[in-house]
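Worth saying up front: this structure is predicted, and the values here are computed from it rather than measured.
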Amino acid sequence: MNAKYVSRYAYPLALITQTCGVYFTVLVSVHRYLGVCHPFRAKRWVSSQPVRLAIAFSILFSIALNIPTWMELEIARCHSHQWNQQLR
């Protein structure tokens with residue numbers, strides 16, 4: 001695989017996964033808070049459907065938040081004046 005494609009896609013994907021990791025940590029912290037501080041309400045609030053929605057929302061939000069990083073990088077050819085050729 002060409003290095004320019006790796007750098008083009010690896011950086012935004014790394015930021016998306018980092019953002020997802022942060023939001024998943026926040027979701028686990030809120031889940032634990034509800035379980036410890038509000039145990040009877042947590043049974044009603046923390047069921048399968050709201051958890052799935054929260055996970056899906058955090059993934060979609062992480063992707064949407066990092067869409068501009070796909071446009072930050074620009075692959076440009078460099079010309080070496082010393083060697084009088086284009087660099088890879």
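The side-chain hydrogen bond (donor to acceptor under 3.5 Å, both in side chains) check on T19 picks up N66, with sequence neighbours excluded.
Atom OH of Y11 and atom CG of L15 lie 4.5 Å apart (nearest 0.5 Å). Considering CD1 of I59 and CD1 of I16, their distance stands at 11.0 Å, rounded to 0.5 Å. For the atom pair CG (L65) and CG (L60), the distance works out to 12.5 Å, reported to the nearest 0.5 Å.
Under the 4.5 Å side-chain contact rule for hydrophobic residues, F24 and I63 share a cluster. Linking Ile, Leu, Val, Met, Phe, Trp and Tyr residues whenever their side-chain heavy atoms come within less than 4.5 Å leaves V30 and Y23 in two separate clusters.
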Pairs under 3.5 angstrom only: tabulate donor-acceptor contacts from the side chains of residues 51-58 to other protein residues two or more places apart or in another chain.
residue, atom, partner, partner atom, Å
S58, OG, A54, O, 3.3
S58, OG, I55, O, 2.8

Hey, can you pull the donor-acceptor pairs under 3.5 Å for the side chains in residues 33-43, sequence neighbours left out?
residue, atom, partner, partner atom, Å
Y33, OH, H38, NE2, 3.4

